[in-house]
*Asks:* 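For reference, the structure I am asking about is given below.
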Amino acid sequence: QVQLVESGGGLVQAGGSLRLSCAASGRTLSRYDMGWFRQAPGKERDFVAAIRWSDARTYYIYYADSVKGRFTISRDNAKNTVYLQMNSLKPEDTAVYSCAAGSQVGVPPRQADFGSWGQGTQVTVSS
């Protein structure tokens, strides 16, 4: 099973940017579908973004409506790392952000499709 460790969280003012990283060990990430989820205090964990393989050379990217146009998911297979670039941050983006790895993730991506999870990194956006 792949081990995932997130980093890059912190405190930022509204309108600012952060880039989260998810580094993998144990196995290569190159063939996994990857996702980012977040959980705000007192709320359920929600889908944020995912990058899903369609075939050996093609992948698709999905975003929650609430982050479209502001967040970008990307992967660097050589570094075994997935990123989440977050721009134009809003106070409602405040949450613990977790990355996840899975195989044959469905459309739309669901939490149950991902078998490996990181511990999460806190993102706090002040108004």
Side-chain angles (χ1 to χ4, degrees):
Q1 199 165 4
V2 61
Q3 288 79 48
L4 304 172
V5 177
E6 302 93 338
S7 62
L11 174 64
V12 64
Q13 288 189 333
S17 298
L18 284 174
R19 188 177 80 155
L20 305 183
S21 299
C22 174
S25 62
R27 292 192 178 183
T28 178
L29 279 184
S30 61
R31 299 312 307 164
Y32 282 92
D33 299 330
M34 299 298 299
W36 284 96
F37 292 79
R38 67 186 181 185
Q39 187 168 21
K43 296 186 178 181
E44 295 185 350
R45 186 161 58 187
D46 291 331
F47 168 74
V48 175
I51 187 165
R52 172 184 174 273
W53 288 105
S54 174
D55 57 34
R57 294 180 293 177
T58 305
Y59 59 85
Y60 293 100
I61 292 177
Y62 303 88
Y63 295 102
D65 288 342
S66 58
V67 307
K68 279 181 182 177
R70 300 188 298 122
F71 290 12
T72 303
I73 186 173
S74 62
R75 65 194 305 160
D76 186 335
N77 291 333
K79 294 183 178 180
N80 225 26
T81 301
V82 175
Y83 303 97
L84 185 68
Q85 177 67 43
M86 306 186 296
N87 299 328
S88 301
L89 282 161
K90 305 175 182 180
E92 51 264 44
D93 294 319
T94 295
V96 174
Y97 284 71
S98 300
C99 69
S103 299
Q104 297 181 320
V105 167
V107 178
R110 304 170 304 161
Q111 292 188 49
D113 296 335
F114 295 88
S116 299
W117 291 81
Q119 292 297 310
T121 184
Q122 177 70 47
V123 171
T124 303
V125 184
S126 63
S127 56

*Asks:* Can you tell me how far CG of Leu29 sits from CE of Met34, rounded to the nearest 0.5 angstrom?
*Replies:*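 These two atoms lie 4.5 Å from each other.
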
*Asks:* I need the Thr72 OG1 to Ile61 CD1 distance, nearest 0.5 Å.
*Replies:* 8.0 Å

*Asks:* Check Gly120 against Val96 and note the closest heavy-atom contact, atom names and distance.
*Replies:* CA-CG1, 3.9 Å

*Asks:* Do Ser103 and Tyr32 have side-chain heavy atoms sitting under 4.5 Å apart?
*Replies:* yes

*Asks:* How close do Asp113 and Gly106 get, heavy atom to heavy atom, and via which atoms?
*Replies:*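 Looks like OD2-N, 3.0 Å.
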
*Asks:* For Asp93 and Val123, run side chain to side chain contact (heavy atoms under 4.5 Å, CB included): C-alpha distance rounded to whole Å, both residues' side-chain angles, the deciding distance at 0.1 Å, then the answer.
*Replies:* CA-CA 8 Å; Asp93 294 319; Val123 171; 5.5 Å; no

*Asks:* Who clusters with Phe114? Use side-chain heavy atoms, under 4.5 angstrom, across I, L, V, M, F, W and Y, and order the result by chain and number.
*Replies:*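 Direct or chained contacts put Phe114 with Phe37, Phe47, Tyr60, Tyr62, Val105, Val107, Trp117.
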
*Asks:* Is the CZ atom of Arg31 crowded by more than 12 outside heavy atoms at less than 6.0 Å?
*Replies:*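 Yes, CZ of Arg31 has more than 12 neighbouring heavy atoms, counting only those of other groups under 6.0 Å.
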
*Asks:* Any side-chain to backbone donor/acceptor pair from Thr94 onto Val125? Under 3.5 Å, distance only.
*Replies:* yes

*Asks:* Between OG1 of Thr121 and CG of Leu84, what distance do you get to the nearest 0.5 Å?
*Replies:*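 Answer for the OG1-CG pair, Thr121 versus Leu84, is 11.0 Å.
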
*Asks:* Please report the C-alpha distance between Met86 and Leu20 in whole Å, then the side-chain angles of each, then the deciding distance to 0.1 Å, and finally whether the side chain to side chain contact (heavy atoms under 4.5 Å, CB included) criterion is met.
*Replies:* CA-CA 8 Å; Met86 306 186 296; Leu20 305 183; 3.8 Å; yes

*Asks:* Compare every heavy atom of Gln3 with every heavy atom of Gly26, then report the nearest pair and how far apart it is.
*Replies:*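 Looking at all heavy atoms of both residues, the closest pair is CA-OE1, 3.7 Å.
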
*Asks:* Would you give the length of the straight line joining atom CG of Asn80 to atom SG of Cys22, rounded to the nearest 0.5 angstrom?
*Replies:*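 Between atom CG of Asn80 and atom SG of Cys22 there are 9.5 Å.
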
*Asks:* Please find the pair of heavy atoms, one from Ser126 and one from Leu11, that lie closest to each other, and give the distance.
*Replies:* CB-CD1, 4.3 Å

*Asks:* Is any side-chain heavy atom of Val82 less than 4.5 Å from a side-chain heavy atom of Ile73?
*Replies:*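 Of all side-chain heavy-atom pairs linking Ile73 with Val82, at least one is under 4.5 Å.
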
*Asks:* Is the side chain of Arg45 donor-acceptor paired with the backbone N or O of Gln111 at a distance under 3.5 Å, no angle test?
*Replies:*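 Answer holds: no.
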
*Asks:* From Lys90 NZ over to Ser127 OG, what is the distance, rounded to the nearest 0.5 angstrom?
*Replies:*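 Answer for the NZ-OG pair, Lys90 versus Ser127, is 14.0 Å.
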
*Asks:* Can you tell me how far apart OG (Ser98) and CD (Gln119) are? Round to the nearest 0.5 Å.
*Replies:* 8.0 Å

*Asks:* Might you work through the side chain to side chain contact (heavy atoms under 4.5 Å, CB included) test for Leu89 and Leu18, ending with a clear yes or no?
*Replies:* CA-CA 8 Å; Leu89 282 161; Leu18 284 174; 4.2 Å; yes

*Asks:* If you look only at pairs with a residue in residues 74-109, which of them pass as a ring pair (Phe, Tyr, Trp, His ring centres under 6.0 Å), with sequence neighbours excluded?
*Replies:*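 Applying ring pair (Phe, Tyr, Trp, His ring centres under 6.0 Å) to every pair that reaches into residues 74-109, excluding sequence neighbours, yields nothing.
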
*Asks:* Under 3.5 Å, side chain of Thr81 to main-chain N/O of Lys79, donor-acceptor pair present?
*Replies:*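 Yes, the answer is positive, given that a donor and an acceptor are paired below the 3.5 Å cut-off.
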
*Asks:* Could you check whether any side-chain N or O of Asp33 sits under 3.5 Å from a backbone N or O of Gln104, counting only pairs where one atom can act as donor and the other as acceptor?
*Replies:*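 Judged by distance alone, yes, a pair lies under 3.5 Å.
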
*Asks:* Strictly distance-based, threshold 3.5 Å: is any side-chain N or O of Gln39 a donor or acceptor partner for the main-chain N or O of Ala95?
*Replies:*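 No, the answer is negative, given that no donor and acceptor are paired below the 3.5 Å cut-off.
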
